[in-house]
Structure formats: structure tokens, C-alpha cells
Amino acid sequence: MEKYNIAIDGPAGAGKSTIARLVAEALGFVYVDTGAMYRAVTWKVLQQGLLPEQKDEVTALAERIGIELVPRPEGQQVLVDGVDVTRPIRTTDITDHVSQIASIGGVREVLVAKQKQMAASRGVVMDGRDIGTQVMPDAEIKIFLTASVKERAERRYKEMLDSGSCTMTLEQLEQDIARRDQMDQEREISPLVRAHDAILMDSTTMTIAEVVDEILGLCKDKVGGGM
């Protein structure tokens with residue numbers, strides 16, 4: 001089977017990571033969660049006591065650390081310099097700071113270079129904010145996955161309740177997601193935009209299985225393989 005790349009972009013809480021992982025599993029492709037990479041850098045930044053304003057130091061740290069994304073039956077494991085940070089990078093503290101760290105030009109340059117290396121061998125499903133525009137502009141399949149702010153907040157709230165890590169009300173979460181949307185869209189470096197050739201997919205009223213099936217259908221129609 002000829003391998004090809006799939007880029008899935010979209011705002012926070014749109015379900016990109018779950019969808020991308022399931023699509024990758026169905027196709028036998030490699031899943032790369034770029035959001036986890038930015039969260040991993042943010043975790044290390046906070047561990048080192050650095051501030052987002054210290055852009056040079058933060059960029060140097062991003063270049064220095066080793067980030068590994070390891071596929072596991074229960075989901076992707078994230079390692080930073082050999083330390084398992086899979087759960088710590090999903091805490092509210094990291095969520096509150098990751099957009100600031102991701103807006104630093106030097107950090108994005110470092111991680112985009114790493115992501116391009118991962119995509120070079122093809123057969124990759126990658127999700128994030130700028131995959132179709134910056135990381136894999138030549139991806140054969142590009143999806144811009146979104147959902148209403150209200151729906152995204154409700155999904156994230158349920159996830160937090162299920163994991164026992166809920167520290168916000170639903171209303172606070174909705175406000176936080178709207179704030180992150182604005183930050184992602186207005187940042188100077190690689191803002192969140194839909195690639196001109198990306199297919200817009202609104203998952204507000206769709207189940208996870210329906211979204212996955214639709215993307216797999218697009219793969220079959222457009223690429224003619226991988227099913």
C-alpha cells in the first residue's frame with residue numbers, strides 16, 4: 001500500500017487527537033500528536049521555573065529536550081527526557097500556559113522541524129493547529145475539524161469529570177476555550193487558519209465514529225487506498 005500523509009487541524013477541544021489516533025489505527029499509519037509536544041515543552045518550562053517572556057531561554061530548552069511519542073494499547077505515551085509526562089501534561093496548569101509557549105516563534109520553529117522529520121517517511125496522521133499550512137503543506141488529505149465552543153466545552157468537561165481532574169465549572173471551561181481560540185487565531189507565528197485546500201468538517205452533531213468513517217471515506221475516494 002502506498003503511504004500518504006493526513007493533516008488534521010482545528011481549535012482546542014474539537015476532538016482532533018482522538019480522531020487522528022483512530023484514523024491512524026484504522027490505516028496502520030503513525031499518529032503524531034503535535035499538541036502533546038507543545039504541552040511537553042510547557043511542562044518542562046514550568047519545571048525549570050522559566051516564564052513565557054524568556055523567549056530565548058524557552059526556545060533553547062525546546063531545542064535541548066528529548067520528546068518521545070510512544071504508541072501504547074491504552075493510548076499514546078509522552079516522554080520528556082525519559083520521564084513519563086502523559087498525565088501531567090493534561091493538567092489545568094499546563095492548559096493555562098500552553099498557548100503562550102506555542103506562540104513563541106523559536107519554539108514553533110524547533111517543533112515544526114521535528115514534526116517535518118516525522119512526516120518525511122509518509123504514512124503519518126498528524127493533528128494540531130498549523131499542520132496543513134506549515135508542517136505538512138503537501139499532505140494528500142487535509143481536514144479542518146471544528147465544533148461549536150459550547151459543544152467543545154461540554155466534551156472537555158466530561159473528560160475532566162471522568163478522569164477526576166475537574167477544577168473548573170462548565171461556564172469557566174467555555175470561556176477558557178473561547179480565550180484559547182482567540183489566542184491561537186491572533187498569534188503572529190503560524191496562527192490557527194484553515195488551509196485553502198482543507199476540507200471543513202463540523203463535528204458538533206457527529207459522533208467520534210461518524211467523523212472517523214467520514215475521514216476514512218475521504219481517504220478512499222481521494223487517495224484510492226489505505227482501506
Side-chain angles (χ1 to χ4, degrees), residues 2-38 69 76 98-99 102-103 105 108-109 111-152 155-156 177-178 180-227:
E2 183 180 350
K3 291 190 174 181
Y4 51 91
N5 288 338
I6 302 172
I8 301 178
D9 289 307
K16 300 184 302 295
S17 297
T18 299
I19 299 300
R21 177 175 55 80
L22 292 172
V23 169
E25 287 177 1
L27 296 173
F29 286 7
V30 175
Y31 164 53
V32 179
D33 179 357
T34 63
M37 296 174 72
Y38 285 100
L69 305 177
Q76 184 173 249
V98 66
S99 289
S103 69
R108 297 203 76 85
E109 286 181 15
L111 293 189
V112 165
K114 293 179 187 290
Q115 292 154 13
K116 283 180 178 289
Q117 288 178 348
M118 294 175 180
S121 59
R122 319 299 285 177
V124 165
V125 182
M126 196 177 293
D127 74 286
R129 304 287 197 280
D130 59 354
I131 310 306
T133 56
Q134 300 293 324
V135 182
M136 299 196 305
D138 59 346
E140 287 81 354
I141 301 289
K142 295 182 185 179
I143 305 292
F144 192 88
L145 182 66
T146 189
S148 68
V149 171
K150 184 175 187 297
E151 177 65 22
R152 285 185 279 139
R155 291 175 185 173
R156 186 62 60 85
I177 286 177
R180 290 180 62 192
D181 282 355
Q182 185 174 11
M183 287 182 65
D184 288 340
Q185 291 164 0
E186 294 180 353
R187 68 179 179 223
E188 293 184 16
I189 308 296
S190 297
L192 171 65
V193 293
R194 174 187 170 192
H196 70 90
D197 53 349
I199 296 168
L200 179 63
M201 193 173 294
D202 189 330
S203 69
T204 301
T205 60
M206 299 173 71
T207 65
I208 290 173
E210 287 172 340
V211 176
V212 171
D213 285 346
E214 186 159 336
I215 293 175
L216 293 176
L218 288 170
C219 292
K220 187 174 183 180
D221 293 342
K222 191 167 185 178
V223 183
M227 303 299 290

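Computation of the quantities below employed the complete heavy-atom set of this structure, encompassing side-chain atoms and omitting hydrogens, waters and symmetry-equivalent molecules.
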Could you state the interatomic distance from [atom1] ([X]) to [atom2] ([Y]), rounded to the nearest 0.5 Å?
X: L22; Y: I215; atom1: CG; atom2: CD1; answer: 9.5 Å
X: R180; Y: L192; atom1: CZ; atom2: CG; answer: 11.0 Å
X: M201; Y: I19; atom1: CE; atom2: CD1; answer: 9.0 Å
X: I8; Y: R129; atom1: CD1; atom2: CZ; answer: 13.5 Å
X: M37; Y: L111; atom1: CE; atom2: CG; answer: 5.0 Å
X: T18; Y: D33; atom1: OG1; atom2: CG; answer: 9.5 Å

Using the test side-chain hydrogen bond (donor to acceptor under 3.5 Å, both in side chains), find all partners of [X] that sit at least two apart in sequence or belong to another chain.
X: Q76; answer: none
X: D127; answer: S17, Y31
X: R155; answer: E151, S203
X: E109; answer: none

Query raised in the report: Is a side-chain N or O of D9 found less than 3.5 angstrom from the main chain of F144, in a donor-acceptor match?
Result: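 It does not hold such a pair.
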Requested in this report: Answer yes when R152 and D181 have at least one side-chain N-carboxylate O distance shorter than 4.0 Å, and no when they do not.
Outcome: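 D181 and R152: salt-bridged.
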Where do [X] and [Y] come nearest, in terms of heavy atoms and distance?
X: T207; Y: E210; result: N-OE1, 2.9 Å
X: I6; Y: M136; result: O-CE, 3.4 Å
X: V23; Y: L216; result: CG1-CD2, 4.2 Å
X: C219; Y: L27; result: SG-CD1, 4.3 Å
X: Y4; Y: F29; result: O-CE2, 3.2 Å
X: K16; Y: P11; result: NZ-O, 2.9 Å

Report task. Apply salt bridge (charged side-chain N to carboxylate O under 4.0 Å, His left out) to R108 and E188, showing your working. Result -> CA-CA 11 Å; R108 297 203 76 85; E188 293 184 16; over 6 Å; no
Query raised in the report: How about I143 and L218: do any of their side-chain heavy atoms sit closer than 4.5 Å?
Result: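 Side chain of I143 against side chain of L218, heavy atoms only: contact under 4.5 Å found.
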Report task. Assess whether atom NZ of K150 is packed by more than 12 heavy atoms of other residues, nucleotides or ligands within 6.0 Å. Result ->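 Not buried by this count: 12 neighbours or fewer within 6.0 Å.
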Query raised in the report: Can you tell me if CD on Q182 sees more than 12 non-hydrogen neighbours from other groups inside 6.0 Å?
Result: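 No, the 6.0 Å shell around CD holds no more than 12 heavy atoms from other groups.
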Query raised in the report: salt bridge (charged side-chain N to carboxylate O under 4.0 Å, His left out): which pairs involve residues 189-205, sequence neighbours left out?
Result: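 Residue pairs passing salt bridge (charged side-chain N to carboxylate O under 4.0 Å, His left out), neighbours aside: K142-D197.
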Query raised in the report: Which pairs pass salt bridge (charged side-chain N to carboxylate O under 4.0 Å, His left out) with one or both residues in residues 18-32, sequence neighbours excluded?
Result: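 Salt bridge (charged side-chain N to carboxylate O under 4.0 Å, His left out) check on residues 18-32 returns R21-E25.
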Query raised in the report: Where do N5 and E140 land on the side chain to side chain contact (heavy atoms under 4.5 Å, CB included) test, with the steps shown first?
Result: CA-CA 6 Å; N5 288 338; E140 287 81 354; 4.0 Å; yes
